[in-house]
*Asks:* 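Please read through the structure below; I'll follow up with questions.
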There are 2 protein chains.
Amino acid sequence: MTIQYAILGLLSWKSFSGYELKKLFSNSSLFYWSGNNNQIYVTLLNLNKEKLVTQEIQQQENLPAKKIYSITKKGLTELKKWTLANPELPEIRNAFLIQLAGAHFLSHEELLDLISRYEEELYLALLMEREKAKRDTDHPNRTKRETFLWSMINKNFESFYENEIKWLTLVKKGLPHE
Amino acid sequence: MTIQYAILGLLSWKSFSGYELKKLFSNSSLFYWSGNNNQIYVTLLNLNKEKLVTQEIQQQENLPAKKIYSITKKGLTELKKWTLANPELPEIRNAFLIQLAGAHFLSHEELLDLISRYEEELYLALLMEREKAKRDTDHPNRTKRETFLWSMINKNFESFYENEIKWLTLVKKGLPHE
DNA sequence: GTAGTCATGTAAGACGTTACATGATTCT
DNA sequence: AGAATCATGTAACGTCTTACATGACTAC
């Protein structure tokens with residue numbers, strides 16, 4: 001379970017309510033969890049039980065009350081331990097490649113069509129990443145290093161899609177007509 | 001659940017036992033499921049119940065009996081339907097990027113160390129992909145197209161790691177000393 | 001004799017998504 | 001009138017991994 005570290009990471013920057021975290025998650029490629037209620041709210045309740053975060057209820061006029069979560073010293077220690085730990089390799093799950101692998105009974109036209117539909121989705125995804133990068137101010141930028149790292153994280157996603165598009169071009173070029 | 005289509009795809013090439021499929025899965029980046037028993041054996045039993053595959057028990061001397069699974073016409077129809085369907089975008093889950101995102105409390109040295117540990121893992125993974133590509137004959141290669149597609153699938157993984165390494169180089173170059 | 005391969009299967013639990021439930025306010 | 005946003009939480013289910021269970025044979 002990494003989601004707890006993702007949440008601790010965000011809380012180490014500033015305090016958030018569950019609802020705010022949920023919105024951050026659902027707009028983010030980095031925090032890939034779908035931003036569903038269950039995982040976030042349940043994780044926050046557990047983090048609170050383990051005293052890695054604290055809860056503060058904030059009443060609002062004309063709106064339901066918020067629970068603002070803040071990271072504790074214990075939480076910071078846990079987070080730092082994880083941040084320094086050996087990085088894992090990224091997990092890639094590419095269903096399109098599995099489709100390609102089973103493409104032996106497709107006609108040349110069907111295959112080209114499949115490829116161009118994948119290409120279109122990649123283009124769209126790349127554009128969305130670039131748009132997000134422009135708008136995106138939801139990250140710490142107190143120091144040059146923080147600003148730089150966040151820009152590189154955005155670039156990582158862009159460059160993934162660019163790389164995938166380049167690869168697809170090679171597929172289209174080399175594909176035997178038979 | 002895509003694993004059933006992954007299995008159908010392999011069975012559309014030739015018949016396999018559960019144990020053989022399990023080995024294919026655990027050596028493969030494409031078929032990313034960990035090659036655990038439960039999913040494969042249970043999925044095979046379900047596919048059999050739905051008449052998408054047939055089972056044939058093969059007795060062996062000095063070894064336990066095998067269950068050889070073959071795809072049915074119904075299975076081929078299902079598989080083709082899925083293969084022609086709109087491809088999904090790849091899912092990438094990169095915990096290292098989440099570590100980077102929370103790196104604001106690391107020293108310059110700690111951060112450089114984290115980066116170089118990730119770099120080493122990427123190199124290793126790239127080498128392993130290249131080795132696999134050399135040895136790899138576990139795929140259909142009856143036509144030029146099949147051979148080409150399988151080589152491009154291997155290249156996709158290699159190029160992912162190469163791209164990631166290039167990106168890391170940019171991170172190291174641009175990282176502010178502060 | 002200990003570990004590994006061949007071969008199938010079940011059980012338990014972690015992780016993740018979708019949907020349900022509530023209720024006021026605001027926007028179209 | 002209907003949908004969207006704010007806000008929290010639960011229930012049910014699907015997916016995925018680890019571990020357990022059995023048993024014969026092989027290799028060191």
Side-chain angles (χ1 to χ4, degrees), chain A residues 1-8 15-50 53 55-69 82 88-95 98, chain B residues 1-7 15-50 53-69 82 88-95 98:
Chain A
M1 174 130 109
T2 350
I3 196 175
Q4 61 175 303
Y5 295 109
I7 289 176
L8 285 178
S15 299
F16 288 104
S17 69
Y19 190 74
E20 286 168 323
L21 287 171
K22 190 184 141 183
K23 273 172 60 185
L24 281 175
F25 275 66
S26 55
N27 295 321
S28 163
S29 312
L30 174 62
F31 302 106
Y32 52 82
W33 300 268
S34 70
N36 68 95
N37 285 0
N38 195 322
Q39 258 185 306
I40 292 169
Y41 285 107
V42 169
T43 304
L44 283 170
L45 293 173
N46 285 337
L47 287 173
N48 190 47
K49 215 180 283 169
E50 292 165 43
V53 301
Q55 224 180 40
E56 193 203 333
I57 292 163
Q58 192 182 296
Q59 299 297 335
Q60 300 179 108
E61 283 177 43
N62 303 339
L63 278 176
K66 277 184 186 189
K67 286 187 180 174
I68 308 288
Y69 289 92
W82 178 78
E88 293 161 44
L89 284 173
E91 279 176 55
I92 340 160
R93 305 181 169 195
N94 195 336
I98 298 178
Chain B
M1 174 132 108
T2 352
I3 196 175
Q4 61 174 305
Y5 295 109
I7 289 176
S15 299
F16 288 104
S17 70
Y19 190 74
E20 287 167 323
L21 287 172
K22 189 185 141 183
K23 273 173 60 186
L24 282 176
F25 275 66
S26 55
N27 294 320
S28 164
S29 313
L30 175 63
F31 301 105
Y32 51 82
W33 300 269
S34 71
N36 68 94
N37 284 0
N38 195 321
Q39 257 186 307
I40 291 169
Y41 285 107
V42 168
T43 304
L44 283 170
L45 293 173
N46 285 338
L47 287 173
N48 190 46
K49 215 180 280 169
E50 291 165 41
V53 302
T54 55
Q55 223 181 42
E56 192 200 337
I57 291 162
Q58 193 181 296
Q59 298 297 335
Q60 299 179 107
E61 284 178 42
N62 303 340
L63 277 177
K66 277 183 186 188
K67 286 187 181 176
I68 309 287
Y69 289 92
W82 179 78
E88 293 161 44
L89 284 174
E91 278 176 54
I92 339 161
R93 304 178 170 198
N94 196 337
I98 298 178

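Numbered from 1 within each chain, the chains take letters A, B, ... in sequence-line order.
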*Asks:* Measure from CD on A:Glu91 to P on D:dT17 and round the result to the nearest Å.
*Replies:*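 Nearest whole value for this atom pair: 8 Å.
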*Asks:* Testing the basics here: between A:Gly18 and A:Ile40, what is the closest heavy-atom pair and its distance to 0.1 Å?
*Replies:* O-CG2, 4.0 Å
*Asks:* Going by the rule salt bridge (charged side-chain N to carboxylate O under 4.0 Å, His left out), which residues pair with A:Glu20 if we only count those two or more places apart in sequence or in a different chain?
*Replies:* A:Lys66
*Asks:* Can you run down the salt bridge (charged side-chain N to carboxylate O under 4.0 Å, His left out) pairs that involve residues 22-49 of chain B, sequence neighbours left out, and say none if there aren't any?
*Replies:* none
*Asks:* Check the phosphate of D:dC6 against A:Tyr19, side-chain N and O only, distance under 4.0 Å to OP1 or OP2. Yes or no?
*Replies:*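 Answer yes for this pair, as a side-chain N or O of A:Tyr19 is under 4.0 Å from OP1 or OP2.
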*Asks:* Tell me: CG of B:Leu21 to C1' of C:dG9, nearest whole Å?
*Replies:* 15 Å
*Asks:* What integer distance in Å separates A:Gln58:CD from D:dA7:P?
*Replies:*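 Answer to the nearest Å: 9 Å.
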*Asks:* B:Phe25 CZ to D:dT18 P: how many Å, rounded?
*Replies:*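 From B:Phe25 CZ to D:dT18 P: 16 Å.
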*Asks:* Judged by each residue's nearest nucleotide on DNA chain C, which is more toward the 5′ side, A:Asn36 or B:Lys67?
*Replies:*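 By nearest-heavy-atom nucleotide position, the 5'-most residue is B:Lys67.
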*Asks:* As a test of reading the structure: which of C:dA7, D:dA7, C:dG16 is closest to the side chain of A:Tyr41, going by heavy atoms?
*Replies:* D:dA7
*Asks:* If I take atom CD from residue A:Gln39 and atom CD1 from residue A:Ile7, how far apart are they, to the nearest 0.5 angstrom?
*Replies:*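 Answer for the CD-CD1 pair, A:Gln39 versus A:Ile7, is 8.5 Å.
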*Asks:* Using OP1 and OP2 only, check whether a side-chain N or O of B:Ser34 sits under 4.0 Å from D:dT17.
*Replies:*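 B:Ser34 to D:dT17 OP1/OP2: side-chain N or O found under 4.0 Å.
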*Asks:* Listed by chain and number, what are the side-chain hydrogen bond (donor to acceptor under 3.5 Å, both in side chains) partners of B:Ser34, not counting sequence neighbours?
*Replies:*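 For B:Ser34 the side-chain hydrogen bond (donor to acceptor under 3.5 Å, both in side chains) partners, ignoring immediate neighbours, are B:Asn36.
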*Asks:* Show me the protein contacts with nucleotides 19-27 of chain D, counting only N or O atoms at under 3.5 Å.
*Replies:*
none

*Asks:* So, is A:Lys23 near the phosphate of D:dC6, with a side-chain N or O under 4.0 Å from OP1 or OP2?
*Replies:*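 True: A:Lys23 side-chain N/O within range (under 4.0 Å) of D:dC6 OP1/OP2.
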*Asks:* Rounded to whole angstrom units, what separation is found between the CZ atom of A:Phe31 and the C1' atom of C:dG16?
*Replies:*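 A:Phe31 atom CZ is separated from C:dG16 atom C1' by 17 Å.
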*Asks:* With sequence neighbours left out, write down each residue that passes salt bridge (charged side-chain N to carboxylate O under 4.0 Å, His left out) with A:Glu88, or none if nothing qualifies.
*Replies:*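 For A:Glu88, no residue satisfies salt bridge (charged side-chain N to carboxylate O under 4.0 Å, His left out) once neighbours in sequence are set aside.
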*Asks:* Excluding sequence neighbours, so at least two apart, what forms ring-ring contact (aromatic ring centres under 6.0 Å, His included) with B:Phe25?
*Replies:*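 If we apply the ring-ring contact (aromatic ring centres under 6.0 Å, His included) test to B:Phe25, skipping adjacent residues, the hits are B:Phe31, B:Trp33.
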*Asks:* Between P on C:dT8 and CG on B:Asn46, what's the gap in Å once rounded to a whole number?
*Replies:* 16 Å
*Asks:* Measure the CD1-OH distance between A:Ile98 and B:Tyr5 for me, rounded to the nearest 0.5 Å.
*Replies:* 12.5 Å
*Asks:* Write down the distance between CD1 (A:Ile68) and C1' (D:dC6), rounded to a whole number of angstrom.
*Replies:*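 That distance rounds to 12 Å.
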*Asks:* Residues two or more places apart in sequence or in another chain: which of them pass ring-ring contact (aromatic ring centres under 6.0 Å, His included) with B:Tyr32?
*Replies:* none
*Asks:* Apply salt bridge (charged side-chain N to carboxylate O under 4.0 Å, His left out) to B:Glu56 and list each qualifying residue two or more places apart in sequence or on a separate chain.
*Replies:*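 Once residues adjacent in sequence are excluded, B:Glu56 has no partner under the salt bridge (charged side-chain N to carboxylate O under 4.0 Å, His left out) criterion.
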*Asks:* Over how many whole Å does the gap from B:Glu56 atom CD to C:dT8 atom C1' extend?
*Replies:* 17 Å
*Asks:* Return the angle between end axes of the helix from C:dG1-D:dC28 to C:dT28-D:dA1, with five pairs used per end and rounding to 10°.
*Replies:* 30°
*Asks:* Between A:Gln39 and C:dC15, is there a contact of a side-chain N or O with OP1 or OP2 at under 4.0 Å?
*Replies:* no
*Asks:* In terms of side-chain heavy atoms of B:Arg93, which of D:dT17, C:dA7, C:dG16 is nearest?
*Replies:*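 So the side chain of B:Arg93 is nearest to C:dG16.
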